[in-house]
Each structure stands twice: as C-alpha cells, then as structure tokens.
Amino acid sequence: METLGLNGVVRIAANNADGTAGTLASMLHVTSFSIEETSETIDTTSMGDASREILATFRAFTGTVDGYWDKDDAAIGHDAAPTAPNVQAGNTITFELHPSGIGTGNSIYEGSAIVTSISRSQSFDGVTEYSITFEGTGDLGYDVGA
C-alpha cells in the first residue's frame with residue numbers, strides 16, 4: 001500500500017543537560033523529511049578469486065527535516081522563551097519519523113542523532129523555511145506502532 005506524504009509526522013526532542021532524552025513533541029509545519037542508511041565495506045578479494053568479496057562493517061544514518069519556521073514551535077525551540085532545550089547545531093536529539101502518521105500498525109523510524117546543521121531561509125515572496133540535518137549515533141530503530 002502506498003503511503004501519502006501528507007500523513008507524515010516528525011517528533012523531536014533535544015536531550016537534557018544530563019544526557020537523558022527530553023519529551024518528544026510533534027514539529028509544526030514539516031514539509032519533508034528524509035533518512036538515509038549506509039554501511040561501510042571492506043574489500044577482502046584476493047588473487048585467484050573469481051568475484052569480489054566484500055564484508056559489511058560500520059552502519060550509519062543521516063537525515064534531514066524541512067519545514068516552515070514558526071516562532072511558536074516549541075519542539076525545536078523557536079518560541080521566544082523556550083521551556084524545553086533548544087534544538088541547535090551540536091546538540092544531541094531524540095527523534096521519531098512516522099511516514100504514515102502516528103497510529104497502530106504504522107512504521108516508525110527512531111533514534112538518537114547529533115544536529116550537524118540548521119539553515120533558515122527567507123525570500124520576499126515566501127515564508128521563512130528551515131532545514132535541520134542530523135547524523136545518527138548508534139543504530140537506527142525501526143518499529144511498527146502499537
């Protein structure tokens with residue numbers, strides 16, 4: 001079954017000073033997100049082999065979240081007096097990506113990551129946009145909502 005992009009939800013939390021995960025909150029006005037999993041490899045081919053021999057080593061993941069900036073989006077600390085830790089470059093975050101929305105039987109990608117960049121852009125004929133890029137720490141989790 002196809003998944004409509006308009007049903008997607010991103011939940012994010014900056015980690016607290018003691019390293020524990022903050023409270024996950026749904027981000028406002030998300031327009032897209034992506035997640036890419038990779039694996040490093042080692043070539044172990046030797047003389048006399050008829051085909052390449054490759055071993056998988058370290059796994060990694062990176063991702064982005066794009067959306068429209070909203071000064072009231074407490075999930076990423078845009079509000080003037082944030083009550084939760086701000087999501088800033090260099091901070092560790094906890095996240096959930098819900099491609100089909102939040103609900104029973106829907107997929108969830110989840111993990112911990114370091115925010116590597118946040119960009120914001122504005123044009124005279126549009127709304128202010130942001131893009132958050134992150135790099136995973138540990139494994140990317142995959143689950144189905146209960």
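Residues L28 and Y130 come closest through the heavy atom pair O-OH, 3.9 Å. Contact between T64 and S34 at its shortest, heavy atoms only, is OG1-OG, 2.8 Å.
Note that OG1 of T62 and CD1 of I35 are 7.0 Å apart. Values are rounded to the nearest 0.5 Å. One distance of note links CD1 of I132 with CG of N91; it measures 10.5 Å at 0.5 Å rounding. Taking OG1 of T31 as the start and OH of Y68 as the end, the distance is 5.5 Å to the nearest 0.5 Å.
Listed by first and then second residue, the salt bridge (Lys or Arg N to Asp or Glu O under 4.0 Å) pairs that reach into residues 88-113 are R11-E96, sequence neighbours excluded. For residues 126-139, every residue pair satisfying the salt bridge (Lys or Arg N to Asp or Glu O under 4.0 Å) rule, not counting sequence neighbours, is listed here: R59-D139. For residues 97-118, the ring-ring contact (aromatic ring centres under 6.0 Å, His included) pairs, not counting sequence neighbours, are Y109-Y142.
Members clustered with V9: I102, by chain and number, using a 4.5 Å side-chain heavy-atom cutoff among hydrophobic residues.
Remark: T92 engages no residue in a side chain to side chain donor-acceptor pair (under 3.5 Å) (not counting sequence neighbours). With sequence neighbours excluded, the residues that form a side-chain contact (heavy atoms from CB on, under 4.5 Å) with T137 are S112, I114. With sequence neighbours excluded, the residues forming a side-chain contact (heavy atoms from CB on, under 4.5 Å) with I42 are T44, T57, listed by chain and number. With sequence neighbours left out, the side chain to side chain donor-acceptor pair (under 3.5 Å) criterion links S32 to D66. By the side chain to side chain donor-acceptor pair (under 3.5 Å) test, S39 pairs with no residue at all, sequence neighbours left out. Annotation: side-chain contact (heavy atoms from CB on, under 4.5 Å) contacts of T38 (sequence neighbours excluded): E36, A60. Applying the side-chain contact (heavy atoms from CB on, under 4.5 Å) rule to S117 yields the partners T133; only residues at least two apart in sequence or on another chain are considered. Take D49 and apply the salt bridge (Lys or Arg N to Asp or Glu O under 4.0 Å) test, not counting sequence neighbours, and it matches no residue.
Between F134 and F95, the two ring planes are tilted [angle within 30° to 60°].
Hydrophobic clustering of Ile, Leu, Val, Met, Phe, Trp and Tyr side chains at less than 4.5 Å, counting indirect connections, unites V65 with I118.
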